[in-house]
Undergrad: 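Quick one: structure below, then a few questions.
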Amino acid sequence: MPLRRPRAATALLGAALLAATLSACSSPASSSTGSADGAAGGYAVDDSTLVFGVVPDSVDTETNYQPLMDYIAQETGKTVEYHESTDYAALIEASIAGQIDVASFSGFTYVTATNNGAELTPISSITTAEGQEPGYYSQAIVPKGSDIASIADMAGKKICFVDPSSTSGYLFPSYALLQAGIDPEKDITPVFAGKHDVSVQKTGEGTECDAGFAEDSEVAKSDAVEVIDQQMVPGAPIVESNSLPDDVKAQLKDILSNVTADDMVAAGIDSADSEGFRSVFYETTPVDDAYYDEIRDICEKTNATQCQA
């Protein structure tokens with residue numbers, strides 16, 4: 001099926017939800033313990049610890065990232081503390097408050113966080129196969145045997161999204177619906193599943209959701225759904241906090257810009273050789289802030305409230 005790189009959309013569903021959350025949290029963030037510690041020492045906790053924040057987008061999130069965190073710990077000599085927020089907005093809040101040192105965001109979460117005051121720099125994006133460019137697919141899915149054959153057929157249906165701040169589970173799907181002539185605010189019933197794997201599960205069951213959206217890595221794990229459309233999404237960034245000492249930032253950039261699973265295994269990280277890890281990680285490829293201008297372009301042209309500072 002054809003790949004599309006969306007450049008424009010109109011108003012997006014659920015904008016007020018995240019905007020209200022960020023409005024409530026962005027001002028007092030500077031007075032939080034995490035921010036105060038970070039501002040004083042450059043770290044979220046202390047100079048022997050790196051806090052690794054993640055978008056909570058599947059039940060396997062911690063398992064998927066553990067080899068990478070072990071590698072960072074070995075190469076930096078610091079303890080790496082896993083930080084999984086309750087949802088996308090909470091991870092954005094934590095980054096604004098200076099409570100994370102390194103993180104793996106979605107593209108939209110990164111743009112939203114920086115728009116709202118988070119001081120972050122992208123280092124790289126994870127790819128899952130040799131020769132692959134940064135990026136992944138937002139896939140439109142339906143239960144096996146469904147009569148829904150295209151996005152246009154989703155009108156009037158219950159549609160699973162992931163989260164209002166999910167790039168592949170909300171922003172790009174909303175664009176795809178609009179391109180098919182479907183108003184996400186009026187023409188469907190949205191269901192926010194919270195995680196990509198849950199969106200896949202609910203869609204496969206066909207009760208709460210008639211169709212849905214999720215990123216390709218989670219869709220591939222299910223035999224209960226089939227893909228009816230997909231869009232290429234800018235690869236999710238691994239970012240570092242700008243408040244870290246310069247030598248630590250340089251070290252993180254050095255070890256995370258171009259590293260393969262094989263490199264990690266050679267360095268003694270045996271868990272990087274597991275089938276599960278290799279299914280979600282082949283190597284990291286360098287990206288910079290400009291790589292996410294496509295998402296900013298959607299934000300600018302839609303005037304989506306989520307994107308506003």
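Side-chain atoms are counted along with the backbone in the values below, which use heavy atoms only and exclude waters and symmetry mates.
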Undergrad: Let me confirm one number: the CD-CG distance from Glu75 to Asp263, rounded to the nearest 0.5 Å.
TA: 10.0 Å

Undergrad: Okay, side chain of Gln139, backbone of Ser217: is any donor-acceptor separation there less than 3.5 Å?
TA: no

Undergrad: Is the shortest side-chain N to carboxylate O distance from Lys202 to Glu205 below 4.0 Å?
TA: no

Undergrad: For the residue pair Ser138 / Ser168, report whether a side-chain donor-acceptor contact shorter than 3.5 Å exists.
TA: no

Undergrad: Tyr82 and Glu84: side-chain donor and acceptor closer than 3.5 Å?
TA: yes

Undergrad: Taking side chain as C-beta onward, heavy atoms only, is Asp197 less than 4.5 Å from Lys221?
TA: no

Undergrad: For the pair Arg296 and Asp289, find out whether any cationic side-chain nitrogen is under 4.0 Å from an anionic carboxylate oxygen.
TA: yes

Undergrad: Between the side chains of Asp262 and Thr260, does any donor sit under 3.5 Å from an acceptor?
TA: no

Undergrad: Give the intermediate values and the outcome of side-chain contact (heavy atoms from CB on, under 4.5 Å) for residues Leu252 and Thr76.
TA: CA-CA 8 Å; Leu252 287 170; Thr76 63; 4.2 Å; yes

Undergrad: Is the number of heavy atoms from other residues, nucleotides or ligands under 6.0 Å of Lys253 NZ greater than 12?
TA: no

Undergrad: Would you find more than 12 non-hydrogen atoms of other residues, nucleotides or ligands less than 6.0 Å from Asp247 atom CG?
TA: yes

Undergrad: Under 3.5 Å, is there a donor-acceptor pair between the side chain of Asp288 and the main chain of Tyr291?
TA: yes

Undergrad: Does Leu91 reach the side chain of Phe105, with side-chain heavy atoms less than 4.5 Å apart?
TA: yes

Undergrad: Tell me, with the steps shown, if Leu177 and Ile151 meet side-chain contact (heavy atoms from CB on, under 4.5 Å).
TA: CA-CA 6 Å; Leu177 287 165; Ile151 289 179; 3.8 Å; yes

Undergrad: Would you find a donor on one side and an acceptor on the other, under 3.5 Å apart, between the side chain of Ser199 and the backbone of Val162?
TA: no

Undergrad: If we ignore hydrogens and angles and just use 3.5 Å, is the side chain of Asp101 paired with the main-chain N or O of Tyr43 as donor and acceptor?
TA: no

Undergrad: If the threshold is 4.0 Å, N to carboxylate O, is there a salt bridge linking Arg278 and Asp273?
TA: yes

Undergrad: Is Leu256 reachable from Tyr282 through a run of hydrophobic residues whose side-chain heavy atoms are each under 4.5 Å from the next?
TA: no

Undergrad: Can you spot which of Gln74, Met69, Gln66 makes a side-chain contact (heavy atoms from CB on, under 4.5 Å) with Val80?
TA: Met69

Undergrad: Is it the case that the side chains of Ser106 and Tyr88 hold a donor-acceptor pair, with the cut-off being a distance below 3.5 Å and no angle test?
TA: no

Undergrad: Can you check whether Pro134's main-chain N or O pairs, donor with acceptor, with Thr127's side chain at less than 3.5 Å?
TA: no

Undergrad: Could you walk me through whether Leu50 and Thr79 pass the side-chain contact (heavy atoms from CB on, under 4.5 Å) test, one step at a time?
TA: CA-CA 6 Å; Leu50 291 173; Thr79 299; over 6 Å; no

Undergrad: By the definition side-chain contact (heavy atoms from CB on, under 4.5 Å), identify the one residue from Thr203, Asp229, Ile228 that meets it with Ile141.
TA: Thr203

Undergrad: So do Val191 and Cys209 actually touch side chain to side chain, heavy atoms under 4.5 Å?
TA: yes

Undergrad: Is it the case that the side chains of Asn242 and Thr121 hold a donor-acceptor pair, with the cut-off being a distance below 3.5 Å and no angle test?
TA: yes

Undergrad: Quick one: pull up NE2 in His196 and CD in Glu215 and give me the separation to the nearest 0.5 Å.
TA: 4.5 Å

Undergrad: Passes side-chain contact (heavy atoms from CB on, under 4.5 Å), Phe281 versus Thr128? Steps please.
TA: CA-CA 5 Å; Phe281 188 104; Thr128 59; over 6 Å; no

Undergrad: Any donor and acceptor pair, going by atom type alone, linking the side chain of Ser124 with main-chain N or O of Ile238 inside 3.5 Å?
TA: no

